[in-house]
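Owing to the predicted nature of the structure, the values given are computational and were not obtained by experimental measurement.
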Amino acid sequence: HVQLVESGGGSVQPEGSLRLSCESSGITYRDPCMGWFRQAPGKEREAVAAFDSQGTPRYADSVRDRFTMSKDDAKNTLYLQMTALNPEDTAMYYCAADTGIPLRHGGRFCGLSLAYKYWGQGTQVTVS
């Protein structure tokens with residue numbers, strides 16, 4: 001079965017940096033759609049970053065130019081490099097994976113708005 005395991009969270013001061021990792025296993029299909037999400041206490045979960053249908057990273061407006069998503073296929077690991085952190089970034093961060101939605105004319109849809117099927121347990125990021 002699919003497992004996603006996040007790590008790298010912690011407490012950091014404003015303007016600090018963290019790098020989150022998400023190691024995946026059990027994904028049998030090639031090149032899954034993947035992304036990062038977060039949920040702060042009392043707030044809905046929001047998309048942070050995800051690869052689009054062409055494999056280009058897309059970011060939420062609130063993190064663009066501060067966060068960078070990347071992956072290492074050889075290690076089955078997704079990363080989220082976070083810089084210039086501020087208290088509003090405090091949240092539980094989750095990685096997610098999915099096969100994507102097949103498109104009528106070929107290819108598939110991936111992205112920030114995809115309803116991902118597989119989720120990790122989360123890693124806490126606290127900025128204060």
Side-chain angles (χ1 to χ4, degrees):
H1 66 285
V2 175
Q3 276 195 312
L4 303 174
V5 180
E6 302 96 335
S7 62
S11 296
V12 64
Q13 293 182 342
E15 295 303 312
S17 300
L18 283 173
R19 188 176 82 155
L20 306 183
S21 299
C22 171
E23 186 171 351
S24 63
S25 61
I27 296 179
T28 57
Y29 43 90
R30 187 170 170 270
D31 196 20
C33 298
M34 297 199 74
W36 286 98
F37 293 75
R38 68 185 181 186
Q39 187 167 22
K43 295 187 177 180
E44 292 187 356
R45 185 174 61 199
E46 62 174 346
V48 174
F51 292 105
D52 67 13
S53 303
Q54 287 72 45
T56 301
R58 301 295 183 183
Y59 300 94
D61 290 342
S62 58
V63 307
R64 190 173 295 117
D65 298 329
R66 298 189 298 121
F67 291 10
T68 302
M69 183 176 66
S70 62
K71 61 178 179 172
D72 185 332
D73 291 333
K75 296 181 179 180
N76 294 324
T77 301
L78 181 72
Y79 301 102
L80 185 68
Q81 178 68 50
M82 306 185 295
T83 64
L85 286 161
N86 59 64
E88 289 69 40
D89 297 315
T90 295
M92 185 72 79
Y93 283 71
Y94 301 90
C95 74
D98 196 273
T99 56
I101 300 174
L103 300 175
R104 177 178 297 180
H105 299 295
R108 58 165 185 186
F109 171 75
C110 288
L112 291 165
S113 61
L114 181 67
Y116 288 80
K117 180 177 181 179
Y118 302 106
W119 294 84
Q121 83 290 345
T123 185
Q124 177 69 37
V125 172
T126 302
V127 185
S128 64

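To the nearest 0.5 Å, the span separating CG on Leu4 from OG1 on Thr77 amounts to 10.5 Å. Phe67 CZ to Arg38 CZ: the interatomic distance, rounded to the nearest 0.5 Å, is 5.5 Å. Going from atom CD1 of Ile101 over to atom OG of Ser53 covers 9.0 Å, rounded to the nearest 0.5 Å. Note that the CE atom of Met69 and the CG atom of Leu80 stand 8.0 Å from one another [nearest 0.5 Å]. Tyr94 contributes atom OH, which lies 13.0 Å from atom SG of Cys22 (distance to the nearest 0.5 angstrom). The distance from the NZ atom of Lys71 to the OG atom of Ser21 is 15.0 Å, given to the nearest 0.5 Å.
Asp98 places a side-chain N or O within donor-acceptor distance of the main-chain N or O of Lys117, the cut-off being under 3.5 Å. Formation of a donor-acceptor pair under 3.5 Å by the Glu6 side chain with backbone atoms of Gly122 is found in this model. Remark: the backbone N or O of Thr99 is paired with a side-chain donor or acceptor of Arg108 at under 3.5 angstrom. Between the Trp36 side chain and the Tyr79 main chain, a donor and an acceptor come within less than 3.5 Å of each other. Ser24 contributes a side-chain N or O that, together with a main-chain N or O of Asn76, makes up a donor-acceptor pair within less than 3.5 Å. At least one donor-acceptor pair closer than 3.5 Å links the side chain of Arg66 to the backbone N or O of Ala84. The closest donor-acceptor contact from the side chain of Thr90 to the backbone of Val127 lies under 3.5 Å.
In the hydrophobic clustering of this structure, Met92 does not group with Leu78; members are Ile, Leu, Val, Met, Phe, Trp, Tyr whose side-chain heavy atoms approach within less than 4.5 Å, directly or through other members. Residue Leu114 is not grouped with residue Met34 when hydrophobic side chains (ILVMFWY) are merged at heavy-atom distances under 4.5 angstrom, including chains of intermediate members. There is no path of hydrophobic side-chain contacts, each under 4.5 Å, that joins Leu112 to Val63.
Shown here for Ser128 and Pro14, the closest heavy-atom pair between the two residues is O-CD, 3.4 Å. When all heavy atoms are compared, the tightest approach of Met82 to Val125 is CE-CG2, 3.8 Å. Residues Lys43 and Gln39 come closest through the heavy atom pair O-NE2, 3.1 Å. Between Ala91 and Ala40, the closest heavy-atom pair is CB-N, 3.8 Å. Between Arg64 and Tyr59, the closest heavy-atom pair is NH2-O, 2.6 Å. In terms of heavy-atom proximity, Cys33 sits nearest to Gly100 at SG-CA, 3.5 Å.
Taking the six-membered ring for Trp and thresholds of 30 and 60 degrees, Tyr116 and Phe37 have ring planes more than 60 degrees apart, a perpendicular arrangement.
Residues Ser17 and Thr83 are in side-chain contact: their nearest non-hydrogen atoms beyond the backbone lie under 4.5 Å apart.
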